[in-house]
Amino acid sequence: MSIVVTGATGALGRLVVDALLATVPAGEVVAVVRDKEKAAALAARGVELRIADYDRPESLAGAFRSGDRVLLISGSEVGKRVAQHTAVIDAAKAAGVAQLAYTGVLGGPDADFTLADEHKATEQVILGSGLPYTFLRNGWYTENYTDNLAPVLEHRAVLANAGEGRIASATRADYGAAAAAVLTGDGHLNTAYELSGDTAWSLTEYAALLSELTGEEIPYRNVPAAAHQEVLVGAGLPEGFAPILVDVDEAIGRGRLAGTSGDLARLIGRPTTPLAETVRAALPAA
């Protein structure tokens, strides 16, 4: 039996592998990747590589073994993910894996925004497969904001259409630790976890934090959805993806990413990473 992480060279996948290697021998960890060279650092740490591609179902036939515990990290190509995920699920079922964990979205079937649609559909495919599952319904990543600080600092404004909605975000490392916990522990089969940060915050509070830490006046500007979409496209975001992010902001305004179930902190055995800590680390050195 191995613990298998798909998409292991991605931003989340690498952190899951890091968390696993802190608790289990490297020989028990398998990384499913598209590019062997990109995964060279994982192989150097003793992680087994299995080469496969979500878009090539035939390549997935050798990705899993009977009894494996598998983490399916959702693909990044919106519009293609249900077909991609179904190929992984079919291969996992054919191999007879013991557990299939999946990184979905906070709220699961109740999530009412476009970005959630493929996650909800994937959960249904997993349920239909009959595989023992664990649904890791991840909330918003704090890095969705801190990885994009440059334009905020340049224009001295946080721009969004989320109103005063609150966001119970956590870091990718927090979510990665939770995935490692359910892959190495017991009692997680056929269970759904609503994963989010311990404390929900608003973009007004985020802007105030940035102002405090930088010594600059950085307000939050709530703008109409159409205006925000225009700004995103003007900044280089693909025209097809910009409305999806605008739709997420509207969902934030409805409170859809504000839930604080406590599941994440319980799984990782510690408080989730505070917003201020992540922002402070992301700011350029003075």
Side-chain angles (χ1 to χ4, degrees), residues 11-12 74 76 78 81 103-120 123 135-153 155 157-172 174-175 178 192-211 218-235 237-265 272-279 282:
L12 178 60
S74 57
S76 59
V78 176
R81 296 192 286 185
T103 60
V105 69
L106 189 68
D110 296 326
D112 62 354
F113 45 97
T114 303
L115 193 63
D117 290 348
E118 291 173 303
H119 292 300
K120 293 190 289 186
E123 286 193 3
F135 292 151
L136 300 167
R137 294 172 176 163
N138 290 352
W140 218 224
Y141 299 149
T142 305
E143 289 91 345
N144 289 342
Y145 297 97
T146 59
D147 284 355
N148 295 286
L149 275 174
V152 172
L153 298 177
H155 298 291
V158 174
L159 193 72
N161 58 284
E164 289 304 314
R166 304 187 75 79
I167 306 154
S169 72
T171 63
R172 286 193 183 93
D174 291 337
Y175 293 116
Y193 293 108
E194 301 291 341
L195 303 181
S196 59
D198 296 336
T199 303
W201 46 271
S202 69
L203 289 170
T204 296
E205 293 168 347
Y206 174 61
L209 176 62
L210 285 174
S211 300
I218 301 178
Y220 165 46
R221 294 178 182 166
N222 185 57
V223 298
H228 189 202
Q229 182 171 323
E230 185 176 337
V231 169
L232 292 174
V233 172
L237 205 68
E239 289 193 19
F241 192 58
I244 292 174
L245 291 186
V246 168
D247 183 59
V248 170
D249 267 10
E250 292 186 335
I252 288 170
R254 298 193 301 274
R256 291 304 191 185
L257 292 176
T260 52
S261 70
D263 282 355
L264 181 52
T272 60
T273 307
L275 173 67
E277 181 179 322
T278 309
V279 172

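The minimum heavy-atom distance between A168 and T260, with the atom names listed, is CB-CG2, 3.7 Å. Closest of all the heavy-atom pairs between A162 and I252 is CB-CG2, 3.8 Å. Residues S202 and R166 approach most closely at CB-NH1, 3.9 Å, considering heavy atoms. When all heavy atoms of L209 and A276 are compared, the pair lying nearest together is CD2-CA, 3.7 Å. Closest of all the heavy-atom pairs between A251 and F113 is CB-CD2, 3.5 Å. Across every non-hydrogen atom of A160 and L203, the tightest pair is CB-CD1, 3.5 Å.
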Exercise. Start with the C-alpha distance between Y193 and F135, add both sets of side-chain angles, then the distance that settles ring-ring contact (aromatic ring centres under 6.0 Å, His included), and finish with yes or no.
Key: CA-CA 6 Å; Y193 293 108; F135 292 151; over 10 Å; no

Quiz prompt | Derivation of the side-chain contact (heavy atoms from CB on, under 4.5 Å) call for I167 and T142 | solution = CA-CA 9 Å; I167 306 154; T142 305; over 6 Å; no

Exercise. Starting from the C-alpha separation in whole Å, work towards a yes-or-no answer on side-chain contact (heavy atoms from CB on, under 4.5 Å) for V105 and L115.
Key: CA-CA 9 Å; V105 69; L115 193 63; over 6 Å; no

Quiz item: What do the steps show when you test Y175 against T103 for side-chain contact (heavy atoms from CB on, under 4.5 Å), and what is the final call?
Solution: CA-CA 9 Å; Y175 293 116; T103 60; over 6 Å; no

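Ion pair R172/D147 flagged as a salt bridge, since at least one NZ, NE, NH1 or NH2 atom sits closer than 4.0 Å to an Asp/Glu carboxylate oxygen. Under a 4.0 Å N-O distance rule, the pair R137/E123 qualifies as a salt bridge.
At a threshold of 4.5 Å between non-hydrogen side-chain atoms, the residues R256 and E250 do not count as touching. Considering only heavy atoms from C-beta on, Q229 stays 4.5 Å or farther from L232 through its side chain. Looking at V158 and R221, their side chains never come closer than 4.5 Å, going by heavy atoms from C-beta outward.
When only modelled atom types and interatomic distance are considered, T278 and E143 share no side-chain donor-acceptor pair under 3.5 Å. Of the N and O atoms on the side chains of D174 and T272, not one donor lies less than 3.5 Å from an acceptor on the other residue.
Partners of A178 by side-chain contact (heavy atoms from CB on, under 4.5 Å), not counting sequence neighbours, listed by chain and number: L195, L264, L267, I268. Among residues two or more places apart in sequence or in another chain, the ring-ring contact (aromatic ring centres under 6.0 Å, His included) test is passed with Y206 by Y145, W201.
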